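For clarity, every value in this text was computed on a predicted model and none was experimentally measured.
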Amino acid sequence: DTAVSQTPKYLVTQMGNDKSIKCEQNLGHDTMYWYKQDSKKFLKIMFSYNNKELIINETVPNRFSPKSPDKAHLNLHINSLELGDSAVYFCASVGTPKETQYFGPGTRLLVL
Amino acid sequence: GESVGLHLPTLSVQEGDNSIINCAYSNSASDYFIWYKQESGKGPQFIIDIRSNMDKRQGQRVTVLLNKTVKHLSLQIAATQPGDSAVYFCAEKTGNTGKLIFGQGTTLQVKP
């Protein structure tokens, strides 16, 4: 029944490691997003894909690389993790018209 | 640059009272606004939305008011309940990529 799901829910890793987080939506939406929420709860968009095509790419270090194998999935790979990458990462999706975004439960990343 | 802000970081209300959470936005071209509720450990959950051609919209116990003249958005929660305790975000959408710009969030605390 889960509309937007993310794995893993928690991720604890060492600085310098490479990790991936995954997102899947079963809403039939064409557009998916990655957001980063910092320790002050501020939500900022990172990327957006529409039908596997990148349409939004905010000022994000190129250590972050999104990949969309199909329109129901949007993964986020992070290379050479840094302490400042610690945050909660949310995936979201939206149908047409692009208005109400539905969010996943978040992935809590802690870089030690 | 674009920004959406909330006036108060924390709002404390008595159970049963009405709550009003305010938000100021800066982009007069924004055509869609949305309120999200985020409970601890969860992703943002859609509450109510409003398009720029409206000034009021009502849901179940919630009302959103939009004042485009002063670029102000508010969320009113009637008969606030303990389950309403959460962080509330307003967000605005400009353009057709679906990109949402979020405010800082207001933490609503409901006292029994």
**Request:** Under the side-chain contact (heavy atoms from CB on, under 4.5 Å) rule, what do A/V60 and A/F47 come out as? Steps first, then yes or no, please.
**Result:** CA-CA 9 Å; A/V60 177; A/F47 299 103; 3.9 Å; yes
**Asked** side chain to side chain donor-acceptor pair (under 3.5 Å) between A/E24 and A/Q6: does it pass, once the steps are laid out?
**Response** CA-CA 7 Å; A/E24 176 181 0; A/Q6 294 179 230; over 6 Å; no
**Item:** Single-linkage hydrophobic cluster, 4.5 Å side-chain cutoff, A/M32 and A/I21 together
**Value:** yes
**Request:** Name, in order of residue number, those residues of residues 45-70 of chain B that have a heavy atom at a distance of less than 4.5 Å from a heavy atom in chain A; otherwise write 'none'.
**Result:** B/F46, B/D49, B/R51
**Between A/Y33 and A/Y49, ring centroids under 6.0 Å** =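 A/Y33 vs A/Y49: aromatic centres not under 6.0 Å.
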**Asked** If every non-hydrogen atom of A/L11 is compared with every non-hydrogen atom of A/S20, which pair is closest and at what distance?
**Response**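 Closest heavy-atom pair between A/L11 and A/S20: CD2-O, 4.5 Å.
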**Complete:** When every non-hydrogen atom of A/Y89 is compared with those of A/K36, the smallest separation belongs to OH-CE, 3.6 Å
**Prompt:** So what's closer than 4.5 Å to chain A heavy atoms on B/K93: side chain, backbone, both or neither?
**Reply:**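 Side chain only.
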**Request:** Select, from B/I34, B/T107, B/V87, B/L100, the one with the greatest count of heavy-atom pairs under 4.5 Å involving chain A.
**Result:**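 Ranked by contacts with chain A, first place is B/L100.
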**Message:** I'd like to verify something: which residue of B/P44, B/G43, B/G41 has the highest number of heavy-atom pairs under 4.5 Å with chain A?
**Reply:** B/P44
**Message:** Non-hydrogen contacts under 4.5 angstrom with chain B: give the residues of residues 70-80 of chain A involved, or none if there are none.
**Reply:** none
**Asked** With a 4.5 angstrom heavy-atom cut-off, which part of A/I45 approaches chain B: side chain, backbone, both or neither?
**Response** side chain
**Fill in**
Whatever's closer than 4.5 Å to a heavy atom in chain B on A/E58 counts as side chain
**Asked** What's the verdict on side-chain contact (heavy atoms from CB on, under 4.5 Å) for B/Q38 and A/F90, showing C-alpha distance, side-chain angles and the deciding distance?
**Response** CA-CA 12 Å; B/Q38 186 178 20; A/F90 287 101; 3.2 Å; yes
**Request:** Verify ring pair (Phe, Tyr, Trp, His ring centres under 6.0 Å) between B/F102 and A/F42, making sure each step is shown before the conclusion.
**Result:** CA-CA 8 Å; B/F102 281 80; A/F42 185 60; 8.5 Å; no
**Message:** When you compare the side chain of A/Q101 with that of A/Y35, does any pair of heavy atoms fall below 4.5 Å?
**Reply:**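 Yes, close enough: below the 4.5 Å cut-off.
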**Request:** State, yes or no, whether a side-chain contact exists between A/S86 and A/L109 at a heavy-atom distance under 4.5 Å.
**Result:**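 A/S86 vs A/L109: side chains apart.
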**Asked** Looking just at side-chain N and O atoms, do B/T80 and B/D84 make a donor-acceptor pair shorter than 3.5 Å?
**Response**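 Short answer, no.
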**Asked** Can a donor-acceptor pair be found between the side chains of B/S85 and B/Q109 at a distance below 3.5 Å?
**Response** no
**Message:** Only pairs of heavy atoms separated by less than 4.5 Å count here; which of A/K40, A/K41, A/K9 has the most with chain B?
**Reply:**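 Between A/K40, A/K41, A/K9, the count favours A/K41.
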